[in-house]
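Report on the following structure.
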Protein chains: 2
Amino acid sequence: MKTCDILVTNGVVVTMDRSHGIIENGAVAISGDRIAGIGPAAQFLDCHALKTIDAQGGIIMPGLINTHTHAAMTCFRGLADDMELMTWLNDHIFPAEANLDYQKVHAGTLLACAEMILSGTTCFADMYLFEDAVAEAAKAAGVRAVVGEVLYDFPSPCYGLIEQGFAYTENLIRKWQGDPLVTVAVEPHSPYLCAPELLIRAGQLSESYNIPLIIHVAETQSEIATIRERYGKSPIAHLASLGVLSPRLLACHCVAVSEPDIDLLVHNQVKVSHNPESNMKLASGIAPVPLLLNAGVCVSLGTDGCTSNNNMDMFSEMDTAAKIHKVNCMDPTVMDAQTVLKMATIDAARALGMEQSIGSLEVGKKADMIVIDTRKPHLTPMYNVYSHLVYAAGGHDVAASIIGGRLVMENRRLLTLDVEKIMADVNQIAEGVESGGK
Amino acid sequence: MKTCDILVTNGVVVTMDRSHGIIENGAVAISGDRIAGIGPAAQFLDCHALKTIDAQGGIIMPGLINTHTHAAMTCFRGLADDMELMTWLNDHIFPAEANLDYQKVHAGTLLACAEMILSGTTCFADMYLFEDAVAEAAKAAGVRAVVGEVLYDFPSPCYGLIEQGFAYTENLIRKWQGDPLVTVAVEPHSPYLCAPELLIRAGQLSESYNIPLIIHVAETQSEIATIRERYGKSPIAHLASLGVLSPRLLACHCVAVSEPDIDLLVHNQVKVSHNPESNMKLASGIAPVPLLLNAGVCVSLGTDGCTSNNNMDMFSEMDTAAKIHKVNCMDPTVMDAQTVLKMATIDAARALGMEQSIGSLEVGKKADMIVIDTRKPHLTPMYNVYSHLVYAAGGHDVAASIIGGRLVMENRRLLTLDVEKIMADVNQIAEGVESGGK
C-alpha cells in the first residue's frame, strides 16, 4: 500500500475477525471511511499517510458497540438510586421525563456521545423520546447510531398518540435513509406497555423496511406475571404468537427467560442485548447468558440508561458481564474474556444487523476503531490482551477513536464536540429538574 | 486559621464523619500530617497556605482504604484467568510465586502503590511473602500500609519453616514500630493452610502487641467442607473454638458464613473484609453482606490481588459491591451508595483498628484525602455526591492525593515514584514468568 488517509500503527491489533486474529506489532490503514489494510507494522513503513497515529505499543481494536441505551438519560444520572423500581419510576423518572423536549434530548445525547467516545464506544442503539434529536446529536458527534422512537399505548410527550408514533418512525426512516452514520429501528417499548396490535404493526414495519425491531422484554419477574395474567403466556411466547420474533428482533434484557423461551429465541434467530449492570442495580435478576450462548443465541452487551447504571462505560460492563455469570453459575470458566469481548464487538454488530460493515477489523469494513494506551500501572504487565481489555482496562484508557474513518478523539481530546458547552447545557437542565421535577 | 501547610479548597467536602457531614463549597486545611481545619471555603480565604489545591468544584473526601490485597501480585496480573480454581492455583499462580524474592515483591508492590495512588487508595492492608519489601515499597511510595507476612504450615519461599515465620513477623513488628505510615499485623493464611497451634500462636502474638490479626476465612464451599471434615465445625466456629475470634481479627472474604457464624462474628466484634470482584471472578460465591451489616458487623472492602480481579480500583469495587447484593437479594434498596462508601472509608479504618486516626475528614485526624475531578462528561450532572462516587466515578477521576499530609499525586502525576522505571522493572519480571513459569 502506497498511500492512505490514516495509519494507526505500532500496537497489538486485536481484529475480532473469525479467526480471532491478533497481530503483535501491527498496523491498520484507513482510506476514506473504510479499512484499506491490516498487517504487521513493518508492511506499512513505506505507506504515506495523511495522518499517523502511534499506538505506542498499546492495543488497536474495533470500537465497542453498546446495543441498548437511552442516551439522553444522562440528564438524570444519579437523580434517584437505591429505591424500589416503582417508586423510582413513578416518583422520579417519569415526572422528570414528562418535561423533556427536543432540545433537552439533544443536549443529553451530546453529553452521552462525549462520554461514549471517551470510553471507547463507536456505535450505540438508542430507544427514547424525540429520537430525531438523538440522530442529529449522534451525527454532530460523529458517532454511529441506531435510533428508534419509543412506541407505547399511552400518549408520548414527543408524538402524542400512537398513530403519530408510527408516522414519526416512518419520517425518521425516510429522513435518515442513506446516512453514513445513522440508521433507524422500530422500537416498541415492551410487551407490557404495548398492545398486541401495536406489536404486530411494529413487526410489520420493521419487516417492510428490513430494519431492526428493538424491544425490552422479560426484564423482570413482575413483567412475566403481568404478561402471563393478560395473555396466559411468557413475554417471549406472547411475542412468538404475534409473529414478532425474527432475525431482525433485538430483545433487550431477557433476564427472566425459560428453556422454552430460549428455544423460541434460537428457532427465530432473535438477538439479545444483555445489560448486567442495570439488571443488578434495579435488582431485576441475572439473565441466563451462558445458557443463551450455549444454545447458539447471539448475545450482545448494553449499558442501559444512566439512571440505572450510572455510566456508559462498556469496559465496566464487560468486566461485570464476565464476573457476574461466573459467580451465578459457580463456575470460573464461563464467560471467558474473549467471549465477552465478542459480545461487545462483532456479536453486537450482528445483533444490529451490521456485521457486514462493523464489529471487527477487516479490510473493506467501516473504519470504526479505538486505540488503548497500555503504558499505565494498572495495565502493567500484559500477559493476555483479552484479559486486559475485560478485567483490567477502563474506558479512560482509550487514547484515540475513529468512526467511519473520521478521527473523533485523540489523546483524550474530543475533536467533534464542545464538551464544556455540552456539560453546561446539561447542568442547566439538571437545575430545572431539581427545582421542578421532585 | 491564619496559616497551614496545604489548603484543599473549592470542592464538595464529603467528611464521612458520624453525622455524614457534607460541606457544599468547602475546604480542608492541613498542618503537618494532620487535618487542622474543615469548613466553608469562605472561612479560609485569609488563611495563608504554603500550597493550595483548587478542587475546582469537585469532591474532597477521605482516601479509600483497601483492607485486603496482595499488592505484589501485580506481577501476575492476567497471567491466568477463566479457569478452575485448583488449575489456576497449582498450574499458574503457585509456580510463579515459587520464584519470588525480595526484589520482585518490592517492584510489584511499587507498581501496586502507583496504581493505588492513581485510583484514590491511600491505605492498604497486605498479606504476602517478603512483607518487609512491601513495607519498604509502601514507605517509598508514601502510602499508608498494614503489612503482615503470610504464615502457613508448609515452608515459605521467604522465611522457610513456620518458626522462622513467627520470628520474621516479630522482626517486622520491631522494625516498623513508631513508623508514621507502616504498621504490622499477624497474618495466618487460613484455617485450611494453618494448623490449630499456628492459629492459636498467631492470635496470642496479635494480642500481646495489640495489633490486627488478618486471615482468609470461609472463602469457598470447598474450604467449608475441608474444615468440617477435619474439625467437625465451620471455619468460623473452628476459629472460635481456638480462641482466635476477637475485635482485632479481620476476617477476609466470609463468603460462606451461616447464621451461627454471623452470631459468633457479632459476639466477638470480628471485622470483615468483603472482596466481591475476586469472589465473583473465582466463582467463590456472594458473601451475605446485607445480613452481616444488619447484624451489626463492621464490613470493609478489599480488591484482593491482581490475579483475581484484575485491578486495584476501589471505585470499581464499590460499584460492584453496591450492585451484586441488590440482585442477589432481589432488593434495589440494599447496599445504598452511602453505606458502600462507608465500607471503603471509615468502616475500613475501623476494620484495621485505625478509626481514631484515618477514615474520615475530621480535625485532628491524619490528612489522608483525595480530590475527585468532576468536570467530565461521565460525572455530569451531579444530583447526589454519594451516588456519583459509587455508581459513576472511577479511580481515574482522582485528581490529587494526600497521605499523612504529604502530597503524593497531583493532576494525575505521581510525586513519589518513578512510574516509568517501575513499569519497566515489572515488565522484566513478567518476561521471566512467561519464559520460565508456564
Side-chain angles (χ1 to χ4, degrees), chain A residues 74-75 77-79 81-85 88 111 114-115 118-119 277 279-286 309-313 316 319-320 322-324 326-327 329-333 335-337 375 377-378 380-384 387-388 391-392 394-396 419 422-423 426-427 429-430 433-434, chain B residues 74-75 77-79 81-85 88 111 114-115 118-119 277 279-286 309-313 316 319-320 322-324 326-327 329-333 335-337 375 377-378 380-384 387-388 391-392 394-396 419 422-423 426-427 429-430 433-434:
Chain A
T74 51
C75 294
R77 186 198 310 276
L79 172 64
D81 301 295
D82 306 324
M83 53 186 74
E84 293 292 346
L85 186 68
W88 177 73
L111 182 68
E115 179 179 354
L118 286 166
S119 55
E277 294 199 8
N279 298 154
M280 291 165 74
K281 184 159 181 284
L282 298 177
S284 302
I286 299 173
N309 190 316
N310 296 345
N311 61 44
M312 305 180 80
D313 187 338
S316 171
D319 183 45
T320 302
K323 286 172 177 159
I324 184 69
K326 288 177 170 58
V327 76
C329 301
M330 290 300 271
D331 178 355
T333 70
M335 301 289 279
D336 63 84
R375 301 165 303 158
H378 72 282
T380 302
M382 181 163 81
Y383 294 96
N384 179 307
S387 162
H388 248 42
Y391 298 119
H396 53 285
V419 69
I422 291 167
M423 292 196 293
V426 175
N427 279 328
I429 293 170
V433 171
E434 284 197 304
Chain B
T74 51
C75 293
R77 186 199 309 276
L79 172 63
D81 301 295
D82 307 325
M83 52 185 75
E84 292 293 346
L85 186 68
W88 177 73
L111 182 67
E115 179 179 353
L118 286 166
S119 56
E277 294 199 7
N279 299 153
M280 290 165 76
K281 184 158 181 286
L282 298 177
S284 302
I286 300 173
N309 189 314
N310 295 348
N311 61 44
M312 305 181 78
D313 186 338
S316 171
D319 183 45
T320 301
K323 287 172 177 158
I324 184 68
K326 288 177 170 60
V327 76
C329 301
M330 289 300 270
D331 178 356
T333 70
M335 302 288 278
D336 64 83
R375 300 165 304 157
H378 72 282
T380 302
M382 182 163 81
Y383 293 96
N384 179 307
S387 162
H388 248 42
Y391 297 119
H396 54 284
V419 70
I422 291 167
M423 292 195 293
V426 175
N427 279 328
I429 292 170
V433 171
E434 285 197 303

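Every chain is numbered from 1 and lettered A, B, ... according to where its sequence line falls, protein lines coming before strand lines. Fair warning: this is a prediction, and the values are worked out from it, not measured in the lab.
Heavy atoms closer than 4.5 Å to chain A are found in both the backbone and the side chain of B:His378. With a 4.5 Å cut-off on non-hydrogen atoms, A:Asp319 touches chain B through its side chain but not through its backbone. For chain A, no part of B:Met312 is nearby; none of its heavy atoms comes within less than 4.5 Å. Interface residue B:Ala392: backbone and side-chain heavy atoms are both found under 4.5 Å from chain A.
Atoms CG and NE2, on B:Asn311 and A:His388 in that order, are 10.0 Å from each other to the nearest 0.5 Å. Rounding to the nearest 0.5 angstrom, the gap separating the CG atom in B:Asp313 from the CD atom in B:Glu115 is 7.5 Å. Distance OH/A:Tyr391 to CG/B:Asp82: 3.5 Å, rounded to 0.5 Å. Atom CD of B:Glu277 and atom CG of B:Leu282 lie 11.5 Å apart (nearest 0.5 Å).
Comparing B:Thr320, B:Ile324, B:Leu118 by heavy-atom pairs within less than 4.5 Å of chain A, the highest count is held by B:Ile324. Of the listed residues A:Ser316, A:Gly394, A:Gly285, A:Ala322, the one with more heavy-atom pairs under 4.5 angstrom with chain B than any other is A:Gly285. Per-residue counts of heavy-atom pairs under 4.5 Å with chain B were compared for A:Ser119, A:Ser387, A:Ala337; the largest is that of A:Ser387. No other option in B:Val426, B:Asn384, B:Asn309, B:Asp331 has as many heavy-atom pairs under 4.5 Å with chain A as B:Asn309. Per-residue heavy-atom pair counts under 4.5 Å with chain A were compared for B:Cys75, B:Ala114, B:Gly395, B:Cys329, and the maximum is reached by B:Cys75. Ranked by non-hydrogen atom pairs under 4.5 Å with chain A, the options B:Met330, B:Met382, B:Lys323 are led by B:Lys323. Ranked by heavy-atom pairs under 4.5 Å with chain A, the list B:Asn279, B:Thr74, B:Asn310 is led by B:Asn310.
Looking at B:Pro377 and A:Met423, their side chains come closer than 4.5 Å, going by heavy atoms from C-beta outward. Side chains of B:Pro332 and A:Met83 form no contact here, defined as non-hydrogen atoms less than 4.5 Å apart.
Every side-chain contact (heavy atoms from CB on, under 4.5 Å) that A:Ile422 has, sequence neighbours left out, goes to A:Leu110, A:Leu111, A:Leu417. Contacts of B:Asn427 classified as side-chain contact (heavy atoms from CB on, under 4.5 Å), with partners at least two apart in sequence or in another chain: A:Thr380, A:Pro381.
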